[in-house]
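Reviewing the structure listed below.
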There are 2 protein chains.
Amino acid sequence: MSLDLSVDRSSPVPLYFQLSQQLEAAIEHGELTPGSLLGNEIELAGRLGLSRPTVRQAIQSLVDKGLLVRRRGVGTQVVHSKVKRPLELSSLYDDLEAAGQRPATKVLVNTVVPATAEVAAALGVAEGSEVHRVERLRLAHGEPMAYLCNHLPPGLVDLDTGQLEATGLYRLMRAAGITLHSARQSIGARAATAEEAERLGEHEGAPLLTMERTTFDDTGRAVEFGTHTYRPSRYSFEFQLLVRS
Amino acid sequence: MSLDLSVDRSSPVPLYFQLSQQLEAAIEHGELTPGSLLGNEIELAGRLGLSRPTVRQAIQSLVDKGLLVRRRGVGTQVVHSKVKRPLELSSLYDDLEAAGQRPATKVLVNTVVPATAEVAAALGVAEGSEVHRVERLRLAHGEPMAYLCNHLPPGLVDLDTGQLEATGLYRLMRAAGITLHSARQSIGARAATAEEAERLGEHEGAPLLTMERTTFDDTGRAVEFGTHTYRPSRYSFEFQLLVRS
DNA sequence: TCAATGCGTATGTCCGGACAATCGAACTAC
DNA sequence: GTAGTTCGATTGTCCGGACATACGCATTGA
């Protein structure tokens, strides 16, 4: 019942990556059942005509994803639990689209303003210097779901209102050649103010789910600071996380 | 200004791990300043008397942690932004202790009950079968901060009330030989019921931050299902996450 | 002046081998 | 029968080398 694995040495795709993708697909399709052993690395390498380090690299990437578990003296097993996705740095837009919700966006504000103390601190710019400010309403099935307020340092991205309504902010940033690296997030809750309630179609004092995020590129520059509020009846943060060991 | 790195070959600690720890410490202490190049791998390996794969393994582990960035043809640089911690699967108890808050725990309930449909589904046991139920109140500075309700399958851990008040649930599970692997979480918000408000010292209808979590061990078994409510004025989820690339 | 080219450098990928550490099971001794 | 021991199997660590690939910079050419 052994899998028919194969690699294409003429492909520019790295061999370990080809192998890891095939293994991941096999797990996804149930050809490798949870709990089953993967066969030892030496034999697997010999069967594929690869070296052991290459096979190990492929396996390791799946272990990092939480799909496999290695046990010394035993072997490598497929993890039982279904791993979904490990809380990526994804935009709400991508989240909704992946869920098949076809999100709609309404740009409320798209302008340049002097940075407040809070925004200046988050973005690492001088207080009062000009920054982009974007306020958006995210709708699903015609109902407001979240209010998104973002600030960006100047000169990074061309913020076209039309594009902002057609796609997510992160896609625009990536398209502008920005390499997103990490983000600091804070998730909390609070009661809605009258203004917030109005925007989201809730009543004043209703509980809101809040998220603050500062995103950095790979040079360590802050490239975005967002303050978001969600209607908890319509949205919650769902994710899977792995134990770092 | 080169760092004085060294490895102890007689130590049972893997060489790559010794190196990665020293590099991490150097970054932490500012001896390696953000943006600075790390020096090429070949030379570094030669200087330490290690092979290049070993040095690469050390560097890679720090890249995975978000501390370093590699650029082909350029070198390896220290990331500017201060990386805190990447949302580990840590207990609230550990979180608070790390923040120097000396958390207190009050065990409200520690008993065995028949599993409700929700609990049975989460833990993968038969509905109505016996499961442990633990209800705790977590306090900081004498003030209630969170209400924690957990269900565990039988026979896994010896749930001693005294130990539950002295430490966190995860520590007990780890001490019982359980290898935590992953967890599915959901973070949301809602208005407090009268009972919840009473427990946490809030008023009815006040916004609460909620978290539901099912934890799995490395065999894929569900080992814990928790339903937690937090006072948003006292607690929020803060974490840093990396872009998977 | 500006764009295209070439080159050095550093990381990315891959190989084949060696020994150590650990787990589980079969085996042995009491 | 039970407990301790040995042993095979498998992953963990480490080595030294080779070639590919991409980036930045200097040189060259229009």
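So that the names make sense, note that chain A is the first sequence line, chain B the second, and so on, each numbered from 1.
Taking B/Glu24 as the reference, B/Lys65 meet the salt bridge (Lys or Arg N to Asp or Glu O under 4.0 Å) condition, with sequence neighbours excluded.
Here C/dT13 presents its P atom at 15 Å from CD of A/Gln60, a figure rounded to the nearest Å. What separates CG of A/Leu37 from P of C/dA25 is a distance of 11 Å, to the nearest Å. Atoms CD (B/Gln18) and P (D/dT13) sit 12 Å apart, rounded to a whole Å. Distance B/Leu44 CG to D/dC14 P: 15 Å, rounded to the nearest Å. Note: CZ (A/Arg52) to C1' (C/dC19) measures 11 Å, nearest angstrom. In this structure, B/Gln57 atom CD and D/dT13 atom C1' are separated by 7 Å, rounded to whole Å. B/Leu48 has its CG atom 13 Å from the P atom of D/dC14, to the nearest Å. The separation between A/Gln77 atom CD and C/dC23 atom P is 14 Å, rounded to whole Å.
Listed by residue number, B/Arg72, B/Gly73, B/Val74 are the residues of residues 69-76 of chain B with a heavy-atom contact under 4.0 Å to DNA chain D.
Nearest nucleotide to the side chain of A/Arg56, out of C/dT13, C/dT11, D/dT13: D/dT13. Listed candidates were C/dT11, D/dT10, D/dC14. Nearest to the side chain of B/Leu15 is D/dC14. Comparing D/dT11, D/dC14, C/dC14 by their nearest atom to the side chain of A/Ile42 picks out D/dT11. For B/Ser51, the listed nucleotide lying nearest its side chain is D/dC14; candidates were C/dG16, C/dT11, D/dC14.
Using a 4.0 Å cut-off, some side-chain N or O of B/Thr54 falls inside it from OP1 or OP2 of D/dC15. Distances shorter than 4.0 Å separate none of the side-chain N or O atoms of B/Arg9 from OP1 or OP2 on D/dT13. Checking the phosphate oxygens (OP1, OP2) of C/dC14, no side-chain nitrogen or oxygen of A/Tyr16 falls inside 4.0 Å.
The 5' end of DNA chain D is approached more closely, in terms of each residue's nearest nucleotide, by A/Ile59 than by the other of A/Pro53 and A/Ile59.
Counting heavy-atom neighbours within 6.0 Å of B/Glu43 CD, excluding the residue itself, gives a total above 12.
Residue contacts for A/Pro14: at a heavy-atom cut-off of 4.0 Å it reaches the sugar-phosphate backbone alone, with no base atom in range.
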Pairs of donor and acceptor atoms involving the side chains of residues 153-164 of chain A, under 3.5 Å and at least two apart or interchain, shall be tabulated with distances.
residue: A/Asp160; atom: OD2; partner: A/Gly162; partner atom: N; Å: 3.2
residue: A/Asp160; atom: OD2; partner: A/Gln163; partner atom: N; Å: 2.9
residue: A/Thr161; atom: OG1; partner: A/Asn110; partner atom: ND2; Å: 2.9

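When the options A/Val79, A/Leu19, A/Leu67, A/Thr76 are evaluated for a side-chain contact (heavy atoms from CB on, under 4.5 Å) with A/Leu62, the one that passes is A/Leu67.
Residue A/Gly35 comes nearest to A/Gln77 through the heavy atom pair O-NE2, 3.5 Å, listed as atom of the first residue, atom of the second, then distance.
The existence of a salt bridge linking A/Arg184 and B/Glu238 is confirmed by a sub-4.0 Å separation between a basic side-chain nitrogen and an acidic carboxylate oxygen. Salt-bridge formation is detected for the pair B/Glu41/B/Arg70: a Lys NZ or Arg NE/NH1/NH2 atom is positioned less than 4.0 Å from an Asp or Glu carboxylate oxygen.
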